Amino acid sequence: MTRQEKKAAEFQALHAGPAFVIPNPWDAGSARVFAALGFEALATTSSGFAFTLGRRDGGVTLDEVVTHAAALDAATELPLSVDLEHGYGSEPESAALAITRVAEAGAVGGSIEDYDPTELIYELDLAVERVAAAAEAAHALTFPFTLTARAENHIRGNPDLADTIARLQAFEKAGADVLYAPGLRSADEIRAVCEALSKPVNVLARPELSLAEITAAGATRISVGGGLTWVAVRAMADAAEAIRDSGDFSALSARVPLDEWFMNSTRR
């Protein structure tokens, strides 16, 4: 079994077991920290990665994402799933190509969403065709690549739960392995989505919901998106503002156990 095949099998098995949290690193260093802290898989964050390039979410290219995926895959022995946004093109072929490219870079999972950067939700027929093309590409690989299909309604100004569920059901039939509707606001919404589907559901963590509440509602996988990126950036900005405004360097006393984290950041 190759290294990638091993990662793929481990990632697939995680979705068949108890619910798990998958953190979203924004660079190789954060990936290694999450691995050292004992998480079992990683997923990229498009917004966090764009930040590292000084851009807003949606401002990166497929080539840049492929390079990023390769760096994160090399950083740890954890399975890696890649946020592929809309697949870097509206055509079904673009979604399929994005899957193939990140698989070649070492990823064992990836997500495709039904939202176009021009701020439009794709019509359902086209959205389903795109998921079907991505699923065909994913399932043609020589290892079990885990495809996640995303319905973006709730973070794109259309919090229509019935439409979101209908889309996820269509994506499930089109071959997606995991379903995901970022922006679900309550345990009741999460439960309604999970009960309407037969495949694993990823839920985006919310500050007002505990892990226990999310998993009790039926989620299999819980991600944080760019959330931990912004936690880190907020801490940096707060320290920098204190230095700028009052000459307070006290935040610089922070220490992190990098030797420990980086020594133990691969699975044994």
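In this text, all values refer to a predicted model and were calculated from it rather than measured experimentally.
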With Glu189 via salt bridge (Lys or Arg N to Asp or Glu O under 4.0 Å) - residues at least two apart: Arg185
What are the two closest heavy atoms between His139 and Phe145, and how far apart are they? CD2-O, 4.1 Å
Taking the side chain from Arg130 and the backbone from Ser90, do they hold a donor-acceptor pair closer than 3.5 Å? yes
Smallest separation among heavy atoms of Thr45 and Thr229, with atom names: CG2-OG1, 4.0 Å
Quick one: does any side-chain atom of Lys7 pair with a main-chain N or O of Leu80 as donor and acceptor, under 3.5 Å? no
Should the heavy atoms of other residues, nucleotides or ligands under 6.0 Å from CD of Glu136 be counted, would the total exceed 12? no
Could you tell me whether the side chain of Asp114 and the main chain of Ile121 form a donor-acceptor pair under 3.5 Å? no
Any pair with a residue in residues 200-209 that passes salt bridge (Lys or Arg N to Asp or Glu O under 4.0 Å), sequence neighbours left out, goes on the list, sorted by first then second residue, please. Arg206-Glu208
Answer yes or no: is there a donor N or O on one side and an acceptor on the other, between the side chain of Glu152 and the main chain of Ala181, under 3.5 Å? no
With distance as the sole test, does Arg32 use its side chain to make a donor-acceptor pair with the main-chain N or O of Met263 at under 3.5 Å? no
Any side-chain hydrogen bond (donor to acceptor under 3.5 Å, both in side chains) involving residues 249-258? Give me the pairs, sequence neighbours left out, ordered by first then second residue. Asp248-Ser250
Between His15 and Phe20, how do the two ring planes meet: parallel, tilted or perpendicular, split at 30° and 60°? perpendicular
I need the minimum non-hydrogen distance between Pro182 and Ile155, along with the two atoms involved. O-CG2, 3.6 Å
Is the side chain of Glu10 donor-acceptor paired with the backbone N or O of Pro79 at a distance under 3.5 Å, no angle test? no
Pairs flagged by salt bridge (Lys or Arg N to Asp or Glu O under 4.0 Å) wherever residues 84-93 is involved - sequence neighbours left out: none
Between Phe11 and Val102, is there shared hydrophobic-cluster membership here, with clusters defined by ILVMFWY side-chain heavy atoms closer than 4.5 Å? yes
With a 6.0 Å cut-off (strictly less than), is the heavy-atom count around CZ of Arg244, excluding the residue itself, greater than 12? yes
Could you tell me whether a side-chain N or O of Asn158 sits under 3.5 Å from a main-chain N or O of Asn153, the two making a donor and an acceptor? no
Decide whether Thr146 and Asp177 meet the rule of one side-chain donor and one side-chain acceptor closer than 3.5 Å. no
Salt bridge (Lys or Arg N to Asp or Glu O under 4.0 Å) involving Asp160 - partner list, sequence neighbours excluded: none
Side-chain touch Leu228/Trp26, heavy atoms, less than 4.5 angstrom: yes
Compare all side-chain heavy atoms of Asp57 with those of Phe49 and state whether any distance is below 4.5 angstrom. no
Examine distances only and state if a side-chain atom of Thr44 and a backbone atom of Asp83 form a donor-acceptor pair shorter than 3.5 Å. yes
Should the pair Glu241-Arg234 be classified as a salt bridge under the 4.0 Å nitrogen-to-oxygen rule? yes
Excluding sequence neighbours, so at least two apart, what forms ring pair (Phe, Tyr, Trp, His ring centres under 6.0 Å) with Phe51? Trp230
How about Leu179 and Gln169: do any of their side-chain heavy atoms sit closer than 4.5 Å? no
